[in-house]
Amino acid sequence: MNATKTDRVIAEEILRIMREKGMTLATAESCTSGRIVASLTSVDGASEYVRGGLAAYQNDVKIKLLGVPESVIHDMGVVSEPVVRQMVRGACELLGSDYAIASTGYTGTGGDGKASGTVWIGWGCVDDIHSVCLHDNRGRETNTAAAAERAISEFLEYLKTKYETR
């Protein structure tokens, strides 16, 4: 699970902004299995802002540690916007971070009536969460890498919009 050159470039930019603002970040990952936090920590200095990451692969971990309501998983499915949004919120609260990035999806075989390559990613802070659903089925490893890269890219754009004038 090596970070790509693109991942490292994005991680450097996130590091610069987070260092400048004195903010912290956590991850809550299901389908990306730690690839997001691995990408972020692939650059020197990441320990200044990355609080940690939780690989919440099983539903009971999402429920117990991240506060995802069991009823939401039952009614909407684990691969859904309400789940990823609560994962962002839960990661901020659990790990004491200002921001979080989260993922839930099917990078391999699909389920719950959703196709392989269906991934929800979320990012933001407790009171400002953004999310997007990806539909890209190019195989498990490629789907996972693409979801992780998109997650950190979206988070970087969020930070730029929030903190930098263009």
Side-chain angles (χ1 to χ4, degrees), residues 1 3 7 10-11 13-15 17-19 21-42 46-107 111-112 114 117-136 143-164:
M1 193 180 332
D7 291 342
I10 295 167
E13 270 297 290
I14 292 172
L15 169 64
I17 296 168
M18 296 296 278
R19 178 186 282 159
K21 299 301 177 187
M23 304 303 255
T24 58
L25 177 67
T27 66
E29 302 181 60
S30 187
C31 64
T32 51
S33 306
R35 191 166 185 138
I36 294 169
V37 76
S39 294
L40 294 167
T41 59
S42 69
S47 62
E48 293 179 36
Y49 80 95
V50 176
R51 296 275 302 153
L54 175 66
Y57 212 67
Q58 296 288 320
N59 290 346
D60 65 318
V61 175
K62 292 176 186 74
I63 293 164
K64 291 176 188 170
L65 297 180
L66 297 172
V68 176
E70 189 172 359
S71 61
V72 170
I73 292 173
H74 180 266
D75 295 344
M76 303 293 293
V78 71
V79 179
S80 63
E81 184 175 26
V83 169
V84 82
R85 291 175 66 82
Q86 180 55 43
M87 289 174 71
V88 169
R89 191 174 295 109
C92 287
E93 293 168 355
L94 179 69
L95 296 171
S97 65
D98 298 302
Y99 297 101
I101 302 171
S103 67
T104 184
Y106 297 115
T107 57
D112 293 333
K114 296 176 179 98
T118 303
V119 175
W120 276 96
I121 55 174
W123 63 93
C125 57
V126 171
D127 59 357
D128 185 27
I129 300 171
H130 302 263
S131 57
V132 66
C133 187
L134 311 177
H135 301 279
D136 191 14
N143 292 345
T144 302
E149 184 178 306
R150 178 76 182 270
I152 64 174
S153 294
E154 292 287 354
F155 184 68
L156 176 57
E157 289 307 309
Y158 169 78
L159 290 177
K160 286 179 175 180
T161 300
K162 192 170 185 84
Y163 293 118
E164 297 184 344

Kindly say whether P69 contributes a backbone atom to a donor-acceptor pair with the side chain of Q86 at under 3.5 angstrom?
no
Can you name the nearest heavy-atom pair linking G105 to V79, along with the distance?
CA-CG2, 3.5 Å
Does the side chain of Y49 reach to within under 4.5 Å of the side chain of L15, using non-hydrogen atoms?
yes
Give, for atom CG of L40 and atom CE of M18, the distance between the pair rounded to the nearest 0.5 Å.
9.0 Å
Would you call Y163 and M23 a side-chain contact if the rule is heavy atoms closer than 4.5 Å?
yes
Just checking, is any N or O donor in the side chain of E81 or S131 under 3.5 Å from an acceptor N or O on the other one?
yes
Within the distance-only criterion (no hydrogens, no angle test), does the side chain of D136 pair as donor or acceptor with the backbone N or O of G117 below 3.5 angstrom?
no
Would you call L159 and I14 a side-chain contact if the rule is heavy atoms closer than 4.5 Å?
yes
So OG1 of T104 and CD of E29: to nearest 0.5 Å the spacing works out to 11.0 Å
Ignoring hydrogens, what is the shortest heavy-atom contact between C31 and T107? Give both atom names and the distance.
CB-CG2, 3.9 Å
Which heavy-atom pair separates M87 from S30 by the least distance, and what is that distance?
CE-N, 4.2 Å
Are side-chain N/O atoms of S39 and D7 paired as donor and acceptor at under 3.5 Å?
yes
How many angstroms lie between atom NE2 of H135 and atom OG1 of T118, to the nearest 0.5 angstrom?
5.5 Å
Drop me the distance from L25's CG to S97's OG, to the nearest 0.5 angstrom.
6.5 Å
Minimal non-hydrogen separation, L66 against A91, with atom names
CD2-N, 3.6 Å
With the threshold set at 4.0 Å, does a side-chain nitrogen-carboxylate oxygen contact exist between R150 and E154?
yes
Quick one about T144 and T32 (side-chain donor to acceptor, distance below 3.5 Å, no hydrogens or angles considered), yes or no?
no
Would you check if I73 and I63 make a side-chain contact, meaning some heavy-atom pair closer than 4.5 Å?
yes
Search all heavy atoms of K114 against all heavy atoms of G77 and return the closest pair with its distance.
NZ-CA, 4.3 Å
Please name the pair of heavy atoms, one in A26 and one in L95, separated by the smallest distance, quoted to 0.1 Å.
CB-CD1, 3.5 Å
Under 3.5 Å, is there a donor-acceptor pair between the side chain of K62 and the main chain of A56?
yes
How long is the gap from CD1 on I17 to CZ on F155, to the nearest 0.5 Å?
8.5 Å
State which residue, out of V126, D127, D98, I129, fulfils the side-chain contact (heavy atoms from CB on, under 4.5 Å) condition with C92.
V126
With rounding to the nearest 0.5 angstrom, report the CD to CG distance, E70 to D75.
10.5 Å
Side chains of S153 and E157 in contact at under 4.5 Å (non-hydrogen atoms)
no
Can a side-chain donor-acceptor contact be found between Y158 and D128 if the only test is distance below 3.5 angstrom?
yes
Flag side-chain contact, heavy atom, 4.5 Å: S103 against W120
no
4.5 Å side-chain heavy-atom contact, I101 and V88:
no
Is it the case that the side chains of D112 and Y106 hold a donor-acceptor pair, with the cut-off being a distance below 3.5 Å and no angle test?
yes
Can you confirm whether L134 sits close enough to V132 that some side-chain heavy atom of one is under 4.5 Å from a side-chain heavy atom of the other?
yes
